[in-house]
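Below, all heavy atoms of this structure are taken into account, side chains as well, without hydrogens, waters or symmetry copies. Residue numbers begin at 1 in each chain, while the letters A, B, ... track the order of the sequences.
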Protein chains: 2
Amino acid sequence: MSHPVPDLTQAASPTRRRVLDAALALFSEQGYFNTAIPHIVKRSGVSIGSIYHHFGDKQGIARALYADLLEGMDGALAAICHQIPDARGQALAVVEYLFEQAERAPLATAFMLSTRHREFLPDEPPICSSQPFNRMRDIVSRGIARGEMHDGDPAVLAAALFGGPLRLVQLRLDHILPRPLPTYLVEAWEAAWLAVCNTRG
Amino acid sequence: MSHPVPDLTQAASPTRRRVLDAALALFSEQGYFNTAIPHIVKRSGVSIGSIYHHFGDKQGIARALYADLLEGMDGALAAICHQIPDARGQALAVVEYLFEQAERAPLATAFMLSTRHREFLPDEPPICSSQPFNRMRDIVSRGIARGEMHDGDPAVLAAALFGGPLRLVQLRLDHILPRPLPTYLVEAWEAAWLAVCNTRG
DNA sequence: GTCTATACAGTGATAGAC
DNA sequence: GTCTATCACTGTATAGAC
């Protein structure tokens, strides 16, 4: 039932990890284009030769990082959808996960949610069409089908349900919100749920 | 009562305008860092010497553009807040404005809402603390005070109210939503308002 | 104010020893 | 697989004529 899958990708290499960690920090703090390879060399302690050996080019670093984080996020959402039956519970768990993750791993969350990946990864599909975001839309579609949420365009309802919480994450990552996100969870969720819940229920 | 203020800034210069228009198009389509000065030269028809004469450096172009668009957006929101008395009407008008503006001037809207300005304008304050966004929070604060919206943290309520619509704008600008934004206005607004309205009213 | 030609730095990427 | 040294180039910015 559990999935301990031991890194099918070759992410286990220690140098690879060090480069990805350094790149994540630099990309999140100053942006992809403000980060030169020598910066990554300094911060990671890995030589430029090794970096190019592992990743091919600069885009390759961002690509590997992006795939890595997408996979982690999708795994979390998959687990949620698997363990919780009702759409409301799933959506709440997703928001809770996003809030906790933004505090635990702000750099990773910022790189996932607050970055225009297309500018430096022209071949990647937009993040809205990625697995995790598809799952969010699926939750909403199922919520409508099950009568938990009122009828309507799934895209609009998904925006209404997750738009507020995602905006709060953004504000927190930009250091606008003073308190940790989980302290806003109850209030933010109540408002979000009111926007989509079925009043006939 | 009206404010025809004839461009206090020296934005009237025709070459200045041509440069700003070209820069807006290029920055929005491919990003600030993927846009080289020679690109702007080609697209605007203005020589590199004139560009540097007017804007000082590359950042100067982005800075002028940003100030220009912020001023326009703030003027629109100011007019809304001035003409409409109740918070609900103001908020609805703001969402309507954002939806229309995203269709009428998608490049400008994308540059304002979907760009990490800090990456190339390190001295600018974050957009969340700009005039237009302050007005949105003010609308919410007044809505709470007037009893139109239920009590709570203004930041959370503002995110709940505008987060969904702003997310739809994002999706539309990324070419994910098939139909023009105004066609989603009624449904999006109803959901947004449900999230914050005072049920005792 | 506008233009052309040019200087100069920093960057992504490679070669090749170990 | 890891490293150092180096290349080739793009892109910002300036000089100075008109």
Between Ser47(A) and dT2(D), does any side-chain N or O lie under 4.0 Å from OP1 or OP2?
no

Can you check salt bridge (Lys or Arg N to Asp or Glu O under 4.0 Å) on Arg172(A) and Glu103(A), steps first, answer last?
CA-CA 9 Å; Arg172(A) 175 65 175 165; Glu103(A) 299 292 335; 2.9 Å; yes

Check ring pair (Phe, Tyr, Trp, His ring centres under 6.0 Å) between His54(A) and all other residues, then give those that pass, not counting sequence neighbours.
none

Roughly, in whole Å, what's the span from CD1 in Ile40(B) to P in dT12(D)?
8 Å

Side chain of Ile48(B) only, heavy atoms from C-beta on: which candidate in dT4(D), dC3(D), dA13(D) is closest?
dA13(D)

If I take atom OH in residue Tyr52(B) and atom C1' in nucleotide dA17(D), what distance separates them, rounded to the nearest angstrom?
20 Å

Given the ring of Phe120(A), does Lys58(A) sit roughly above its face, with NZ or CZ under 6.0 Å from the centre of the six-membered ring and within 45° of the axis?
no

Which whole-number value in Å describes the distance from Ile51(B) CD1 to dC3(C) P?
9 Å

Looking at Ser13(A), I'd like to know whether one of its side-chain N or O atoms comes within less than 4.0 Å of OP1 or OP2 on dG1(D).
no

Counting just side-chain N and O atoms, does Thr15(B) come under 4.0 Å of either OP1 or OP2 of dT2(C)?
yes

Given that Gly49(A) and Ala36(A) both sit by DNA chain C, which one's nearest nucleotide is further toward the 5' end?
Ala36(A)

Quickly work out the Phe55(B) CZ to dT14(D) C1' distance and round it to whole Å.
18 Å

Nucleotide of dG1(C), dA13(D), dT2(D) approaching Asp57(B) most closely (side-chain heavy atoms):
dA13(D)

For Ser47(B) and Val41(B), run side chain to side chain contact (heavy atoms under 4.5 Å, CB included): C-alpha distance rounded to whole Å, both residues' side-chain angles, the deciding distance at 0.1 Å, then the answer.
CA-CA 6 Å; Ser47(B) 75; Val41(B) 170; 5.5 Å; no

If you check every side-chain atom of Lys58(B), which of dA13(C), dT2(C), dA13(D) has the closest atom?
dA13(D)

Please check the phosphate of dT14(D) (OP1 and OP2 only) for any side-chain N or O of His53(B) closer than 4.0 Å.
no

Whole-Å distance separating the CG atom of Leu26(B) from the C1' atom of dG11(D)
15 Å

In whole angstrom, what separates Asn34(A)'s CG from dG12(C)'s P?
11 Å

Between OH of Tyr32(B) and C1' of dG11(D) the distance, given in whole Å, is 11 Å

Distance to the ring centre below 6.0 angstrom and angle to the axis at most 45 degrees; does that hold for Arg167(A) and Phe162(B)?
no

Please give, in whole Å, the distance from dG10(C) P to Ile37(A) CD1?
16 Å

